[in-house]
Amino acid sequence: MYFRVLVQSRPMVPEKDIALYGYGSVAWKDRMEEWKKRQSGKLQVIKHQGDIDGGDLDGNELDADLPMMDEGRQPLSRKLPIASSKISPYRLIIILRLVVLGFFFHYRVLHPVHDAFGLWLTSVICEIWFAVSWIFDQFPKWYPIERETYLDRLSLRYEREGRPSELADIDVFVSTVDPMKEPPLITANTVLSILAVDYPVDKVACYVSDDGAAMLTFEALSETSEFARKWVPFCKKFNIEPRAPEWYFSEKMDYLKNKVHPAFVRERRAMKREYEEFKVRINRLVATAQKVPEEGWTMQDGTPWPGNNVRDHPGMIQVFLGHDGVCDVEGNELPRLVYVSREKRPGFEHHKKAGAMNALVRVSAVLSNAPFLLNVDCDHYINNSKALREAMCFMMDPTSGKKVCYVQFPQRFDGIDRHDRYSNRNVVFFDINMKGLDGLQGPIYVGTGCIFRRQALYGYDAPVKKKPPSKTCNCWPKWCCSYCGSRKNKKGKTKKDKKKKVKHREASKQIFALETIEEGIEETNSENPSRVSQEKLEKKFGQSPVFVASTLLEDGGVPKAASSTTFLEEAVHVISCGYEDKTEWGKEVGWIYGSVTEDILTGFKMHCHGWRSVYCIPKRPAFKGSAPINLSDRLHQVLRWALGSVEIFFSKHCPIWYGYGGGLKSLERFSYINSVVYPWTSIPLIVYCTLPAICLLTGKFIVPEISNYASIIFIALFISIAATGILEMQWGGVGIDDWWRNEQFWVIGGVSSHFFALFQGLLKVLAGVNTNFTVTSKGGDDGEFSELYIFKWTSLLIPPTTLLIINVVGVVVGVADAINNGYDSWGPLFGKLLFAVWVILHLYPFLKGLFGKQEKIPTVIIIWSILLASILTLLWVRINPFVSRDGPVLEICGLNCDD
Ligand SMILES: O=c1ccn([C@@H]2O[C@H](COP(=O)(O)OP(=O)(O)O[C@H]3O[C@H](CO)[C@@H](O)[C@H](O)[C@H]3O)[C@@H](O)[C@H]2O)c(=O)[nH]1
Ligand SMILES: [Mn+2]
């Protein structure tokens, strides 16, 4: 039996809306009828250029009866350009650096080193590569901005007293795959923070995707839904932050301060006890899940768990909390909570996280169809309960909102060691690069903590903006003019004007969204146009009329009439493994397939469609997650990211070639190019890190004897590099230590993970070896950074260790040589030593990681690295390609004689 039908009732959660359904024949005729009706209605709208049915969030119908409250009419957010006192010197230095770079290369190319031509040539090639990659990295940071949101205005506008809230619905997606690496307690905390979020309960639905089909996850979720009944009212009553209990209770509380209410103290204590008990129950579940019984898992009612074979199981859906389901202990409604495990069968490609997300897109479209989606990793809890509102300040903005495809929040982390040894926090990326992108076309999507517009995920182009009639004003720059113009415009306009304009815009957008339908009519001129268009849409979205119908509802929502059973059956249908065959899922629609960093690709596609994204950094971090804090896990994570980039580089979606003539702005493209090309920098980087050792061993150098002119250029270059760094830190608000960690890890990751990623990527392209998604383990609650010192052997450690050793050996040999040869040889040695020390300093955190806590490097690494280092040195002495034969041959034996 291919599809198993599964209806169960579990005694553990007796009164719940329990429905775990399999696939069966479904009667959705009336829904189809409705869909057809709606569709032909829309067609007429197009033909007559007439009105559009239904209220829209565009604010105009709202404006009409909005009381004359100025506050409620103000924009919901504002751009804050970086102060020109900070940004102007920064730009100036960039230009200067560019000029100095010109002089530098002029000098380097015209002054080859004659007795070490090879060394010179190699180094110049590397330097050119670094310069080019610097340009790709630098210029997308030319127009950085920050933003400010006005939550009170959002409330004034959409939550007026005595009326139901008009905030838009949001479906929240949580992805999890391996309950061993991603402990259920962590997922539970994330889910609890979502259920307790500060947003109308009937407008939030939480979908948990379990790619591991684990009964443990299922049962943990069932416990979580039970605990949520107490936790959610507690959070809302006392307005606490964060609303993930583990993190809330781990924060120290001063009961004596701020006149804490005694009732609160009492209830908090009781709640803490409840949570401890909840934890015990979860841990018990985890403990029993450690060893699988021979006959597989059985559920409480005695039936076997359908997901016993992880690679071969039916789709499973369970609604834990829902509208007509249970309420919390105070009798209030709770948001929906739905467990989803998509069907897996051998022979079907499941596309990792991207596939899981697409399954959720469809399930949610059938069950709740919110116009906006939030996606978080299972460890990424909501740390600021107003996060959803923050995003809505952009999405629901009447003027600029419609062009926004997603609002990305920075990733912030808990539990990282104070010094952030492996640059896990990524602050330079999140506080500098992303702000730069926000000033262009918007930040890239980083895979979590991101709120999407559902329509943008369906592969549509961004709505075309009607150019406002040009205005004259007394400020001269053009950009300034249009800015002022549009602002004046807004204030001076009468209500009628506004309404008209909006209707027009609405109509044009509608046409856009239904473009496919019109095409269908023109092409075939058939008698039944809705049939044709339906076929077209089914080709794009797959064989689910219910889903297809839902895509046409721009403002979301599901028809109320049909029974929930029908919906659930349809939901199981859309997560079946063959559903995406011959459709555009993963190609044009939803999360895009083809790379383990599906995030870059997905965001890139949207930007190519002309959408803009928004970067939102609330004062209190919106989301927080965990990061791998030991060296090996970190290197593997970076390896996966780099591998994803290499995959994109070789795919048809490579930003170097893809999507010209679309909506992608050129500086934004620069940044995407940078994000797929960076693994290639590992090659010149490894070469460049070997050079100082070679120089020290051979006594040759990559530059000829330095003139005054040359030293001025070198110093100028060095200073301009430092200055851009410092000024960047200034406007980005990044500390020097974070910046330095970033530089260090750029080298460490570069010479190991990025390099391996290149090979794996090439293997995939040339030999078709599939890449896999190694999930990062999310730390348990053992704390104390014991993880930091965990050492796991991995071949990723070989190249940096080798580099370290040869450079240290180089320094020793160089110094020994200079001592032998007396005073004169110290001068030329200086440059080489500096060079080697530069490499060693960058690799220093790596060295610390190697030693672990026991101050002992594992023998495997020592053996491998010494082997490699000595082979290289030996080869060196034999071949010595860079040194001309007639020159004095170095005394390498000095090294051997020493020990
Ligand atoms: O087959 C899979 C594999 C992974 N995941 C989920 O993907 C998420 C991210 O995995 P993780 O191991 O935590 O990766 P990170 O490197 O920490 O994640 C970053 O980088 C990924 C891209 O490589 C993005 O997908 C993530 O959102 C982003 O946080 C987790 O929730 C997993 O449960 C699935 O759902 N199905
Ligand atoms: Mn993660």
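For ligands, and for the atoms within them, numbers begin at 1 and follow the listed sequence. All heavy atoms count here, side chains included; hydrogens, waters and symmetry mates do not. Residues take their numbers from the sequence shown, with the count starting at 1.
The nearest protein atom to atom 12 (O) of ligand 1, hydrogens excluded, is given as T776 N, 2.7 Å; this is a heavy-atom distance. Here the heavy atom of the protein found nearest to atom 21 (C) of ligand 1 is R640 NH1, 3.7 Å. Of all protein heavy atoms, the one closest to atom 3 (C) of ligand 1 is F773 CD2, 3.6 Å. Here the protein heavy atom with the shortest distance to atom 25 (O) of ligand 1 is E598 OE2, 2.7 Å. Summary of contacts: the protein heavy atom closest to atom 9 (C) of ligand 1 is D377 OD2, 3.5 Å. Nearest to atom 15 (P) of ligand 1 among the protein's heavy atoms is Q637 NE2, 3.5 Å. Nearest to atom 36 (N) of ligand 1 among the protein's heavy atoms is D211 OD2, 2.8 Å. Shortest contact from atom 6 (C) of ligand 1 to any protein heavy atom: S175 OG, 3.6 Å.
A side-chain N or O of Y658 and one of K605 form a donor-acceptor pair less than 3.5 Å apart. For the residue pair R640/Q637, the side-chain donor-acceptor check at 3.5 Å is not satisfied. Residues H607 and S613 have side chains that bring a donor and an acceptor to within less than 3.5 angstrom of each other. Donor-acceptor pairing under 3.5 Å is lacking for the side chains of D171 and Y207. Donor-acceptor pairing under 3.5 Å is lacking for the side chains of W746 and Y678.
Residue C378 has at least one heavy-atom neighbour below 4.0 Å for each of these atoms of ligand 1: 31 (O). Ligand-side atoms of ligand 1 in range of T448: 27 (O), 29 (O), range being under 4.0 angstrom from any heavy atom. Applying the 4.0 Å criterion to heavy atoms of V775 picks out, from ligand 1, the atoms 12 (O). Residue contact check: V446 has heavy atoms under 4.0 Å from atoms 27 (O), 28 (C) of ligand 1. Atoms of ligand 1 found under 4.0 Å from any heavy atom of D599, numbered from 1 in the order shown, are 22 (C), 24 (C). Numbered from 1 in the order shown, with element, the atoms of ligand 1 that lie under 4.0 Å from a heavy atom of T597 read 23 (O). Those atoms of ligand 1 that come under 4.0 Å of a heavy atom in G447, given as number and element, are 27 (O). Atoms of ligand 1 lying under 4.0 Å from any heavy atom of Q411, numbered from 1 in the order shown and given with element: 29 (O).
Only the backbone of V596 comes within 4.0 Å of ligand 1, counting heavy atoms alone; no side-chain atom from C-beta on gets that close.
Screening K352, K344, K353 for a salt bridge (charged side-chain N to carboxylate O under 4.0 Å, His left out) with D211, the sole residue that qualifies is K344.
The residue from K353, K181, E182 that puts a heavy atom closest to atom 30 (C) of ligand 1 is E182.
Residues V197 and R243 come closest through the heavy atom pair C-NH1, 4.1 Å. For Y406 against Y445, the heavy-atom pair with the smallest separation is OH-N, 3.1 Å.
Formation of a donor-acceptor pair under 3.5 Å by the R336 side chain with backbone atoms of L367 is found in this model.
In this structure, F413 and H380 have perpendicular ring planes: the angle between them is above 60°, well past the 30° mark.
In summary, D431 and R412 engage in a salt bridge, as defined by a charged side-chain N under 4.0 Å from a carboxylate O.
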